[in-house]
Undergrad: 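Would you mind keeping the following structure in view while I ask a few things?
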Amino acid sequence: MSLKGAAYIVGAWEHPTRKATDKSIAMLHAECAKGALEDAGLTKDDVDGYFCAGDAPGSLGPLSMVDYMNLKCRHVDSTDVGGSSYQVAVGHALESIAAGRCNVALITLAGRPRSEGMATGTAPRAGSPTAPEMQFEYPYGPTVVNQYAMCAARHMYEYGTTSEQLAWIKVAASTHAQYNPNAMLRDVVTVEDVVKSPIVASPLHRLDCCVISDGGGALIVTKPEIAKSLKRPKVKVIGVGESPKHQMGGEVDLTYTAARWSGPPAWEMAGIRPSDIKYASIYDSFTITVLMQLEDLGFAEKGRGGAFVSDGNLISGVGKLPFNTDGGGLCNNHPANRGGITKIIEAVRQLRGEAHPSVQVANCDLAIAHGTGGSLGTRHCGSTVILERE
């Protein structure tokens with residue numbers, strides 16, 4: 001049975017704060033939920049399915065948040081695969097709605113890493129002491145940025161990718177962010193600015209890295225009958241896919257991501273090709289993250305991503321594939337260090353024609369939102385969502 005079109009995204013809302021010193025994480029979740037419900041024209045009493053991930057507070061996240069928001073749910077899902085959890089949640093909501101387990105699904109994300117003093121990912125971070133990889137990896141001091149830097153270095157070695165090519169991704173993001181009043185970094189940068197910024201972990205520069213922000217977002221996914229009864233533009237979910245990538249018993253190749261496996265089922269379900277896409281929201285924890293995912297999703301041949309992103313090809317109104325028109329994680333925000341939900345929110349804006357006029361893609365009827373959670377250098381999940389304006 002095809003799930004294409006079995007659900008619609010009817011509400012999408014991004015929290016405007018980037019530093020929430022006066023709010024709890026639970027409050028941020030609730031404010032995001034309220035915003036998305038108001039955007040859809042629904043109330044909390046309409047919600048019968050709740051989806052969250054590891055950013056939800058409490059040892060039993062979904063139960064704590066259902067209680068906190070006083071929701072009457074008959075279905076909950078707390079799948080946690082890092083920053084890709086929210087694309088996964090859209091896919092799981094689609095499946096749950098098709099199976100009759102819920103009719104109105106609420107998905108929330110929120111966090112306060114900036115207020116809590118998190119710095120750049122340059123310090124070794126211990127995971128769970130019971131994680132099976134800890135004894136093998138932690139003695140070598142893995143950090144977030146050096147794991148991504150390994151991927152960048154290998155991609156450069158294998159394919160001749162350059163720092164200047166990666167810099168074009170930041171240039172595109174900054175070009176878009178100047179029109180977003182909530183973006184953390186609104187100054188437009190040049191390729192020279194990026195490559196002259198300090199090295200954080202070779203070959204990645206400071207401007208190759210995403211911001212750290214508080215905030216969050218929420219989505220409302222419903223069955224088609226409800227979507228068609230609401231006075232909102234109709235955004236249909238037509239393709240989903242998810243897949244992990246890990247160490248594979250030592251068969252390590254740092255030059256590709258899990259998008260290699262999450263993309264094909266999404267394209268197949270949607271019945272379209274990458275060339276049909278008008279707008280792309282691509283997870284951008286680092287510039288190398290974007291380049292590798294674009295290759296693995298089929299927008300460029302493997303090894304040709306550098307050429308694809310260069311010369312403004314990702315800039316709205318200039319290039320062939322406008323991406324992250326809100327400024328993305330590189331310039332706008334990266335709430336809770338999990339930017340997946342913001343990718344979907346901006347894709348919904350584009351399909352509704354509600355993006356800023358200076359970055360709105362003309363005749364935008366097909367969009368992709370792809371998330372990555374975990375680390376490209378070790379283990380991560382890729383999740384792909386393809387949306388259509390009806």
Side-chain angles (χ1 to χ4, degrees), residues 9 11-40 42-44 47 49-71 73 76-90 92-93 104-118 121 180 182-184 210-221 281 283-285 326-329 332-349 369 371-374 383:
I9 297 178
W13 194 79
E14 177 187 351
H15 207 291
T17 190
R18 300 295 180 261
K19 190 171 185 179
T21 54
D22 60 338
K23 300 179 187 295
S24 69
I25 294 176
M27 185 181 293
L28 288 171
H29 275 274
E31 290 180 356
C32 291
K34 181 176 182 291
L37 285 165
E38 290 177 349
D39 179 63
L42 297 169
T43 72
K44 71 176 184 64
V47 176
Y50 178 61
F51 296 72
C52 64
D55 58 285
S59 58
L60 298 173
L63 302 188
S64 296
M65 287 310 304
V66 165
D67 184 14
Y68 182 82
M69 294 188 289
N70 194 23
L71 302 176
C73 293
V76 294
D77 185 323
S78 59
T79 301
D80 186 15
V81 282
S84 65
S85 298
Y86 315 93
Q87 280 80 0
V88 167
V90 169
H92 289 191
V104 177
L106 166 65
I107 304 167
T108 65
L109 167 145
R112 302 174 66 252
R114 188 179 179 200
S115 291
E116 293 167 4
M118 178 174 284
N180 182 351
N182 295 319
M184 288 185 66
C210 69
V211 300
I212 294 175
S213 72
D214 300 345
L219 300 164
I220 307 295
V221 186
S281 277
Y283 201 93
D284 56 345
S285 48
D326 60 343
N332 176 25
N333 69 336
H334 193 218
N337 298 316
R338 292 163 171 259
I341 204 166
T342 59
K343 301 298 172 279
I344 303 169
I345 291 169
E346 184 66 5
V348 170
R349 290 191 192 111
T372 291
S383 187

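Values below: all heavy atoms of this structure, side chains included; hydrogens, waters and symmetry mates excluded. Residues take their numbers from the sequence shown, with the count starting at 1.
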Undergrad: Measure the spacing between CG of Leu60 and OG of Ser78 and express it to the nearest 0.5 Å.
TA: 8.5 Å
Undergrad: Any carboxylate oxygen within less than 4.0 angstrom of a Lys/Arg side-chain nitrogen, looking at Lys23 and Asp214?
TA: no
Undergrad: Where the side chain of Arg112 meets the backbone of Ala20, is there a donor-acceptor pair that is under 3.5 Å apart?
TA: yes
Undergrad: Which atoms form the tightest heavy-atom contact between Ser213 and His334, and what is the distance?
TA: OG-N, 2.9 Å
Undergrad: Where is the tightest heavy-atom contact between Lys19 and Ser115, given as atom of each residue plus distance?
TA: CG-OG, 3.6 Å
Undergrad: Within the 4.5 Å heavy-atom criterion, are Thr43 and Leu37 side-chain neighbours or not?
TA: no
Undergrad: Please name the pair of heavy atoms, one in Asp284 and one in Gly327, separated by the smallest distance, quoted to 0.1 Å.
TA: OD2-O, 4.2 Å
Undergrad: Between His15 and Asn333, does any side-chain donor sit less than 3.5 Å from a side-chain acceptor?
TA: no
Undergrad: Step by step, would you call Ile212 with Met184 a side-chain contact (heavy atoms from CB on, under 4.5 Å)?
TA: CA-CA 9 Å; Ile212 294 175; Met184 288 185 66; over 6 Å; no
Undergrad: Dump the intermediate steps for side-chain contact (heavy atoms from CB on, under 4.5 Å) on Arg114 and Arg18, then the final yes or no.
TA: CA-CA 8 Å; Arg114 188 179 179 200; Arg18 300 295 180 261; 3.8 Å; yes
Undergrad: Are Glu31 and Lys34 close enough, and set up right, to give a salt bridge (charged side-chain N to carboxylate O under 4.0 Å, His left out), and what steps lead you there?
TA: CA-CA 5 Å; Glu31 290 180 356; Lys34 181 176 182 291; over 6 Å; no
Undergrad: Could you tell me which non-hydrogen atom of Gly216 sits nearest to which non-hydrogen atom of Pro335, and how far apart they are?
TA: N-CB, 3.6 Å
Undergrad: Under the side-chain contact (heavy atoms from CB on, under 4.5 Å) criterion, do Leu106 and Met69 qualify, and how do the steps go?
TA: CA-CA 11 Å; Leu106 166 65; Met69 294 188 289; 4.0 Å; yes
Undergrad: Find the distance between OG (Ser85) and CZ (Phe51) and round it off to the nearest 0.5 Å.
TA: 13.0 Å
Undergrad: Given side chains that start at C-beta, do those of Leu28 and Thr17 come closer than 4.5 Å, heavy atoms only?
TA: yes
Undergrad: So do the side chains of Tyr86 and Ile107 get within less than 4.5 Å of each other, counting heavy atoms only?
TA: yes
Undergrad: Look at the side chain of Ser281 and the backbone N and O of Ala369, then say whether any donor-acceptor pair between them is shorter than 3.5 Å.
TA: no
Undergrad: One thing to verify: whether Asp80 and Arg338 come together as a salt bridge, which I'm taking to mean a side-chain N less than 4.0 angstrom from a carboxylate O.
TA: yes
Undergrad: If we only count heavy atoms from C-beta on, is the Ile9 to Ile220 side-chain gap below 4.5 Å?
TA: no
Undergrad: Do Tyr283 and Ser84 have side chains that get closer than 4.5 Å, going by heavy atoms?
TA: no
Undergrad: Going by atom types alone, do Asp326 and Asn332 pair a side-chain donor with an acceptor below 3.5 Å?
TA: yes
Undergrad: I need the minimum non-hydrogen distance between Cys73 and Val47, along with the two atoms involved.
TA: SG-CG1, 4.3 Å
Undergrad: On a heavy-atom basis, which atom in Ala336 and which in Ala110 lie closest, and how many Å separate them?
TA: CB-O, 3.7 Å
Undergrad: What distance do Leu109 atom CG and Cys52 atom SG have between them, rounded to the nearest 0.5 Å?
TA: 10.0 Å
Undergrad: Nearest 0.5 angstrom please: Glu14 CD to Ile344 CD1, how far?
TA: 12.5 Å
Undergrad: Establish, from distance only, whether the side-chain atoms of Thr108 and Tyr50 form a donor-acceptor pair under 3.5 Å.
TA: yes
Undergrad: What I'd like to find out is whether the side chain of Glu116 reaches to under 4.5 Å of the side chain of Ile25, using heavy atoms alone.
TA: yes
Undergrad: First locate atom CD1 of Ile341, then atom SG of Cys32, and finally report the distance between them rounded to the nearest 0.5 Å.
TA: 7.5 Å
Undergrad: Return the OG to NE2 distance between Ser64 and His29, rounded to the nearest 0.5 Å.
TA: 10.5 Å
